[in-house]
Structures are given as structure tokens and as C-alpha cells.
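Worth saying up front: this structure is predicted, and the values here are computed from it rather than measured.
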Amino acid sequence: MTIRVLLVDDQPLLRTGFRLILEAEPDLTVVGQAGDGKDAQEQTRALLPDVVLMDIRMPGVDGIEATRRIVREAAPTAHVPKVLVLTTFDLDEYIVEALRAGASGFLLKDVPPDELVQAIRVVAAGDAIVAPSVTRRLLDRFAKRLPSAYEQATPARLDRLTERELEVLRLIAKGMSNAEIARKLVVSETTVKTHVGNVLTKLGLRDRVQAVVLAYESGLATPGGVS
């Protein structure tokens with residue numbers, strides 16, 4: 001399967017660099033480029049990419065609002081593109097808002113080419129990118145001042161989980177992969193995938209990224225450590 005990618009960045013040089021990297025891969029093709037969020041929304045509607053590689057800070061409609069519009073517009077349809085957000089450390093405070101807007105993950109702009117390619121493949125396959133080192137830094141830095149969208153509903157929702165599922169959610173919040181969780185709990189990776197699926201279904205979450213945010217907002221995970 002060829003993964004169709006839309007590049008969104010207000011810097012033409014960066015778009016060109018990303019395009020060269022992606023089109024060197026046999027399973028990736030760049031179907032379009034956009035320099036702002038409004039154009040990104042229009043091109044997503046016209047070109048139906050599988051993955052939108054989205055910058056955050058752009059003139060006019062920024063990447064967060066563009067992500068929100070793309071996800072909302074695509075939700076009723078059969079084709080829902082995955083949005084992979086790009087950021088730099090000085091824009092950390094925007095990341096949680098991007099995830100809430102519907103992004104499936106985020107990367108740093110200086111990501112090595114092979115990691116960029118692999119991230120696009122992972123997101124296109126329906127998983128989410130939660131880079132452990134960056135995720136912990138971001139949420140440890142900002143979780144204490146995140147307004148909780150789950151403030152009233154969280155206790156009842158978490159009550160739906162078994163003790164093992166709560167444990168898996170805590171480990172997801174630490175940024176651990178399925179393989180790492182399997183080693184930690186001394187179970188098979190298939191068993192972990194089942195637990196992760198149950199957690200997402202019971203809590204009404206789209207992916208692991210939303211699970212991480214919910215774990216912090218609910219107090220199950222805390223800045224500086226996991227409770």
C-alpha cells in the first residue's frame with residue numbers, strides 16, 4: 001500500500017527537504033503541499049491524504065486549528081486522515097492542544113529521516129506516536145496547569161477498568177511501548193495489545209495519545225512520576 005502524505009509548513013525549504021526524504025521511500029508519496037492551515041484543510045478535502053504532516057505555527061490558520069478542522073470535517077466520512085504534528089522545544093506548550101484537536105502524535109522538526117519515515121508508517125497504520133522522552137518532558141512541564149476536560153467524568157470512567165487495565169494505562173502514560181509493557185508485566189505482547197484496546201474502548205478514547213493526556217488530567221499519572 002502506498003501512503004499518501006500532505007506536507008504542511010509555511011517554509012518552502014523545509015517542505016522541499018521533507019519531500020525529498022519521503023519520496024525516496026517506495027511506499028510513501030507526497031500528494032500535495034500547503035503553506036498554511038486553510039490551504040491544508042482545502043487540500044485535505046481535495047486530495048484525501050492518509051497522513052497530514054502538520055506544522056504548528058503558521059500565518060492565518062495555525063496547525064492546531066487546521067488539525068481540529070480536518071479531523072472534525074473527516075469524522076463523518078469513511079476516510080479520516082491522520083495528522084502528525086511537527087514542533088520544536090520552544091513550542092512545547094502547543095502540543096497538548098494539538099493532541100486535543102485530534103492529532104495522532106507529534107515529532108520534533110529535527111527528527112532523523114528514518115524516524116520521520118517510520119512515524120508516518122505507524123500513524124498511517126492507525127497507531128499513535130508518543131515519543132517517551134518528549135512526552136514525559138512535555139507533560140511533566142505542563143500537566144499541572146492543564147484544564148481538565150474530564151474533571152467530572154473521570155472517576156466513573158476509570159471505574160470501568162480492571163486493575164490490570166489501570167496498570168497498563170499507567171505504563172502507557174509513562175510512554176512505554178507494548179513490547180516494554182509486556183516485559184514489565186511478564187506477559188505476551190498480544191495480551192498487552194488486548195489490554196490497550198480494552199482501555200481505549202472503555203474510556204472512549206481514539207488512541208494512546210489521548211490515553212496519556214487523560215491519565216495526567218485524571219491524576220492517575222502525575223508530573224515528575226506516575227502515581
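Between Thr191 and Thr194, the side chains place no donor N or O within less than 3.5 Å of an acceptor N or O (distance only, hydrogens not considered). If you check the side chains of Gln43 and Asp39, you find a donor sitting under 3.5 Å from an acceptor.
Shown here for Val71 and Gly102, the closest heavy-atom pair between the two residues is CG2-O, 3.7 Å. Considering every non-hydrogen atom in both Ile70 and Gln41, the closest pair reads CG1-CA, 4.1 Å.
For the atom pair Arg57 CZ and Ile64 CD1, the distance stands at 10.0 Å (nearest 0.5 Å). For the atom pair CG (Asp55) and CG (Asp36), the distance works out to 11.0 Å, reported to the nearest 0.5 Å.
A salt bridge links Arg164 with Glu167: the distance from a Lys NZ or Arg NE/NH1/NH2 to an Asp or Glu carboxylate oxygen falls below 4.0 Å. Ion pairing of Arg121 with Asp27 is present here, as a side-chain N (NZ or NE/NH1/NH2) and a carboxylate O approach within less than 4.0 Å. Contact check on Asp10 versus Arg15 returns no salt bridge, with no Lys/Arg side-chain nitrogen under 4.0 Å from an Asp/Glu carboxylate oxygen.
Residue Lys109 qualifies as enclosed at atom NZ: its count of foreign heavy atoms under 6.0 Å is above 12.
In terms of the salt bridge (charged side-chain N to carboxylate O under 4.0 Å, His left out) criterion, residue partners of Arg19 (sequence neighbours excluded) are, by chain and number, Glu23. The salt bridge (charged side-chain N to carboxylate O under 4.0 Å, His left out) search around Glu65 returns Arg68, Arg69, not counting sequence neighbours.
The closest donor-acceptor contact from the side chain of Thr201 to the backbone of Asn198 lies at 3.5 Å or more, if one exists at all.
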